[in-house]
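Worth saying up front: this structure is predicted, and the values here are computed from it rather than measured.
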Amino acid sequence: MQDVRTRFAPSPTGFLHIGGARTALFNWAYARRHAGSLVLRIEDTDRERSTAESEAAVLEGLAWLGVDWDDGPYRQSERSELYAEAADRLLASGRAYRCACTREELEARKQATIAAGRKWIYDGRCRDRELGPDCGEHTVRLRVDDDEQLEWDDLVFGPSGQQGREVGDKIIRRSDGSVLYHLAVVVDDLEMSIRQVIRGVDHLPNTPFQIALYRALDAEPPRFAHVPLIVNEKGVKLSKRRDPVSVQQFREDGFLPEAVRNWLIRIGWSHGDQEIFSREEIVQLFDLESVGRSSGQADPAKLEALNRHYIVSIPAPELHRAARPFLAREAGYGDGDGPTASPELERLLDLLRERSVRLTEMAARARWFLLDEITVDEKAARKHLTPAALPILEVLRDRLESVSVSNWEDASLEEVFETVKTEQGDVSMGVLAQPVRVAVTGSAASPGIYETLAVLGRERTLERLGSAIERIRSGR
RNA sequence: GCUCCCAUCGUCUAGCGGUCCAGGACGGGGCCCUCUCAAGGCUCAAACACGGGUUCGAUUCCCGUUGGGAGCACCA
């Protein structure tokens, strides 16, 4: 069997977006699945747009998603001698030639061709001129013969290819001596011994020319796998500028990496009817054979469903760790600080799991516990903190006062509620619980009332019941 | 415009000639449960783009139409 060695090659011109993240995931999954290796290469030859911050963001995003690599990160900006050398070699072997056509001339001929309704391909004017290094300002082009069959068996799209005449002699080295993307990629993939190139279909049209480059360099091309694009609601390829889809953003919005990873790996890939894939299962089951060919949308609702799933099912310590920064933010702590871990807080988080889609929501639902001062939802107060509820709250407060701290737990609290319920003429639980809930959490929604009081603690419960009673009495 | 690619419920998809009056998941509707919010249980609606072939038989194979997309740089 052929060795597996893949690569992910992002250009650091912004954040890691979900399209790139998914490509990374596919490369990672394929490499891991086949016990191969993954190389990370930063394509930062566009000095104008590439930044160090962006590179850091990309690496951070990958790490967060659980994509680990075995080699790199390499930076193309540090490898230019390699590319220059390759261009020289091509020139020396006659597989490439110097072209002295100016941009203006090229543009004029191109426009004329297009006006004539034909596709512009370099017309080969300098092809046989055998220009030497002293020909003045010039570019270097790869010689691609008209009848050359540039074909490959795509791991996703099957047999693909073009004739040389459809490709033409493209520039591989600019007049300033720098090298173009195609050459850099081919040289790198060769030098890094990449065996499978897994990338977006938007690169598929580049492949014939790159194959021509491999041949010109007397090298065997790797296998290619072009994966369908992730598109937006309009069905158009995602763009960093237009579509707000950075991995970083999802992280800040309270999504778990497990959920985002599961979400992305399932766009364009499936394994029967299975929907939930752990990191281990992806490594076990992923394959290019079950990657589809049509582009897909990333459905936010699906991400939310997955996030809910993982919030419920990840081990408690992991959930607590993931939730900490969100709790800190909600509680108004500075960076680094955080709410003290306590058995009550952990219990509350476990109660909140089933009711939270995102960590942000979870933290918001924990506000009444995190802060000493609660904010009372006015609508809830109007409905439940009414004069009619006053006697109930008073009786409950008195009864709860006689429950000791050591007895402050679900069972004894339930007992108190049951007693009061009977005494008040068999009122329904709703009539009893809602005023208490609003009094104690400020909101009409919370975990079960016994659990809520138990987690809050005796002192704070009594204090808040007192405030609510005051509030009703003073008619606010 | 040219070259190439794609086409199953709203979305992601299963299906690799009969097992399909097309299955799952998310989303949506309804019912149940219920101290609130959720969760959960049950349930309903929802698709093979169209037209030709091939075949005893097409969602599955071929061609065309339509629709969508990608690429056409001295960008990556």
Side-chain angles (χ1 to χ4, degrees), chain A residues 9-11 13 43-46 48-50 76 99 101-103 106-107 110 113-121 137-141 154 157 160-163 166-168 170-182 184-185 200-208 226 228-229 231 233-237 263 266-276 289-290 292-306 308 312 351-357 361 365 380 384 417 421 428-438 441 443-450 452:
Chain A
S11 46
T13 59
E43 307 210 321
D44 58 351
T45 51
D46 186 344
E48 300 281 295
R49 295 189 297 158
S50 301
Q76 289 193 323
C99 170
C101 298
T102 67
R103 289 171 208 259
L106 250 18
E107 188 58 26
K110 178 177 172 182
T113 313
I114 291 173
R118 279 179 291 121
K119 179 185 179 180
W120 164 254
I121 286 166
E137 189 165 296
H138 65 271
T139 59
V140 173
R141 289 182 184 270
D154 199 279
F157 284 84
S160 310
Q162 272 186 317
Q163 290 236 339
E166 299 289 344
V167 176
K170 290 180 189 299
I171 295 176
I172 55 176
R173 194 175 79 188
R174 299 184 183 87
S175 49
D176 68 2
S178 65
V179 133
L180 268 87
Y181 168 76
H182 289 295
V185 169
V201 258
D202 47 343
H203 283 283
L204 192 138
N206 295 333
T207 310
H226 290 93
L229 265 22
V231 298
E233 312 71 41
K234 291 178 185 143
V236 177
K237 176 183 168 186
W263 185 48
R266 273 284 289 109
I267 299 174
W269 173 74
S270 62
H271 181 75
D273 283 342
Q274 189 170 343
E275 298 287 348
I276 302 296
E289 282 168 28
S290 23
R293 299 178 191 181
S294 48
S295 46
Q297 295 181 22
D299 181 11
K302 201 129 188 174
L303 208 214
E304 299 209 320
L306 286 165
R308 185 164 51 213
V312 171
L351 290 169
L352 257 20
R353 292 169 98 130
E354 296 264 348
R355 336 180 187 242
S356 310
V357 169
E361 180 191 355
R365 284 174 178 271
H384 299 293
F417 273 73
K421 213 167 91 177
S428 77
M429 198 52 199
V431 171
L432 209 53
Q434 280 310 85
V436 177
R437 193 182 318 272
V438 177
T441 69
S443 135
S446 86
I449 196 66
Y450 313 131
T452 298

Pairing check on C56(B): which nucleotide meets the Watson-Crick or G-U wobble criteria with it, both distances under 3.5 Å?
G18(B)
Work out how far the C1' atom of G53(B) is from that of U11(B), and round it to whole angstrom.
33 Å
Would you indicate what Ser270(A) reaches in the nucleic acid, counting non-hydrogen atoms under 4.0 angstrom: base, sugar-phosphate, or nothing?
sugar-phosphate
Leu180(A) has an atom CG; how far is it from atom C1' of A76(B), in whole Å?
9 Å
So for Arg293(A) and C5(B), does any side-chain atom that can act as donor or acceptor lie under 3.5 Å from a complementary atom in the base?
no
5'-most by nearest nucleotide on RNA chain B - Ile114(A) or Ala305(A)
Ile114(A)
Is any side-chain nitrogen or oxygen of Arg266(A) closer than 4.0 Å to OP1 or OP2 of A14(B)?
no
Just call it for Val438(A): base, sugar-phosphate, or nothing, with non-hydrogen atoms closer than 4.0 Å on any strand.
nothing
Would you indicate what Asp176(A) reaches in the nucleic acid, counting non-hydrogen atoms under 4.0 angstrom: base, sugar-phosphate, or nothing?
nothing
Are the side chains of Glu275(A) and Lys302(A) in contact, using a 4.5 Å heavy-atom criterion?
yes
NA contact type, Glu304(A), heavy-atom cut-off 4.0 Å: base, sugar-phosphate, or nothing?
nothing
Among U3(B), C26(B), C37(B), which is the nearest nucleotide to the side chain of Ala301(A)?
C26(B)
Identify whether any heavy atom of Ser446(A) sits under 4.0 Å from a base atom; if not, whether one sits that close to sugar-phosphate; answer base, sugar-phosphate or nothing.
base
Whole-angstrom distance between C37(B) and C21(B), as gauged at atom P:
42 Å
Measure from NE2 on His271(A) to C1' on A25(B) and round the result to the nearest Å.
15 Å
If you apply the rule salt bridge (charged side-chain N to carboxylate O under 4.0 Å, His left out), what do you find for Glu304(A) with Arg308(A), and how did you get there?
CA-CA 6 Å; Glu304(A) 299 209 320; Arg308(A) 185 164 51 213; over 6 Å; no
Taking the side chain of Glu275(A) as its heavy atoms from C-beta onward, which of A25(B), C74(B), A7(B) lies nearest to it?
A25(B)
If the cut-off is 4.0 Å, is Arg103(A) near the phosphate of C74(B), judged by side-chain N/O to OP1 or OP2?
no
If we take the C1' atom in both U60(B) and A14(B), what is their distance in whole Å?
13 Å
Whole Å only: how far is the CZ atom of Arg355(A) from the P atom of U34(B)?
16 Å
I'd like the C1' distance from C9(B) over to G51(B), given in whole Å.
23 Å
May I ask you to verify if any side-chain N or O of Arg308(A) is less than 4.0 angstrom from the OP1 or OP2 atom of A39(B)?
yes
Where the side chain of Asp299(A) is concerned, which of C74(B), G10(B), C35(B) is the nearest nucleotide?
G10(B)
Minimal heavy-atom distance between Arg355(A) and Arg365(A), with the atoms involved, is O-NE, 3.2 Å
Within the 4.0 Å heavy-atom criterion, would you say Lys170(A) contacts the bases, only the backbone, or no part of the nucleic acid?
nothing
What's Thr45(A) touching, base or sugar-phosphate or nothing? Going by heavy atoms closer than 4.0 Å.
sugar-phosphate
Just call it for Gly448(A): base, sugar-phosphate, or nothing, with non-hydrogen atoms closer than 4.0 Å on any strand.
base
Distance between the C1' atoms of G15(B) and A70(B), in whole angstroms?
27 Å
Just the rounded figure in Å: distance from C1' of G15(B) to CH2 of Trp269(A).
17 Å
Does Thr13(A) offer a backbone N or O that forms a donor-acceptor pair with the side chain of Ser11(A) under 3.5 Å?
no
Nearest to the Gln434(A) side chain among U36(B), C6(B), C26(B), which nucleotide is it?
U36(B)
Answer with base, sugar-phosphate or nothing: what part of the nucleic acid does Ala444(A) contact at a heavy-atom distance below 4.0 Å?
base
Give a yes-or-no answer on whether the side chains of Thr441(A) and Ser446(A) include a donor-acceptor pair shorter than 3.5 Å.
no
Between U13(B) and U55(B) - C1' atom distance, rounded Å:
29 Å
What's the CG-C1' distance between Leu351(A) and C35(B), to the nearest Å?
15 Å
To the nearest Å, give me how far apart CG (Asp273(A)) and C1' (C26(B)) are.
14 Å
With a 3.5 Å distance limit and no angle check, can you tell me whether Arg141(A) reaches the backbone of Cys99(A) through a side-chain donor-acceptor pair?
no
Which nucleotide, if any, forms a Watson-Crick or G-U wobble pair with G1(B), using both distances under 3.5 Å?
C72(B)
Say we look at A22(B) and C33(B): how far apart would their P atoms be, to the nearest angstrom?
32 Å
How long is the line joining CH2 of Trp263(A) and P of U13(B), in whole Å?
13 Å
Phosphate contact (G71(B) OP1 or OP2) by Lys237(A) side-chain N/O below 4.0 Å
yes
Would you mind classifying the nucleic acid contact of Glu43(A) as base, sugar-phosphate or nothing, using non-hydrogen atoms under 4.0 angstrom?
sugar-phosphate
Nearest-nucleotide 5' precedence on RNA chain B, Gly430(A) against His203(A):
Gly430(A)
Counterpart base for C37(B), defined by Watson-Crick or G-U wobble contacts under 3.5 Å:
none
What interatomic distance, in whole Å, is found between P of G1(B) and the corresponding atom of G10(B)?
30 Å
Need one value for Arg353(A): base, sugar-phosphate or nothing, where a base atom within 4.0 Å counts as base even if backbone is also close, heavy atoms only.
nothing
Separation of A39(B) P from Glu361(A) CD (nearest whole Å):
10 Å
Using Watson-Crick or G-U wobble geometry with both distances under 3.5 Å, which nucleotide pairs with C26(B)?
G10(B)
It should be established whether Lys302(A) places a side-chain nitrogen or oxygen under 4.0 Å from OP1 or OP2 of nucleotide G27(B).
no
NA contact type, Ser11(A), heavy-atom cut-off 4.0 Å: base, sugar-phosphate, or nothing?
sugar-phosphate
Scan Phe157(A) against the nucleic acid and name what it touches under 4.0 Å (heavy atoms): base, sugar-phosphate only, or nothing.
sugar-phosphate
Checking side-chain polar atoms at under 3.5 Å, does Ser160(A) have a donor or acceptor matched by the opposite partner on His226(A)?
no
Is there a side chain to side chain contact (heavy atoms under 4.5 Å, CB included) between Glu43(A) and Val185(A) once you walk through the steps?
CA-CA 9 Å; Glu43(A) 307 210 321; Val185(A) 169; 3.8 Å; yes
Tell me the partner of A49(B), counting only Watson-Crick (N1-N3 plus N6-O4 or O6-N4) or G-U wobble (N1-O2 and O6-N3) with both under 3.5 Å; none if nothing fits.
U65(B)
Is Pro447(A) touching bases, backbone alone, or none of the nucleic acid, heavy atoms closer than 4.0 Å?
base
Which nucleotide sits closest to the side chain of Lys119(A): U36(B), C12(B), U3(B)?
U3(B)
If you only use heavy atoms from C-beta on, which nucleotide in A39(B), U3(B), A7(B) is closest to the side chain of Glu166(A)?
U3(B)
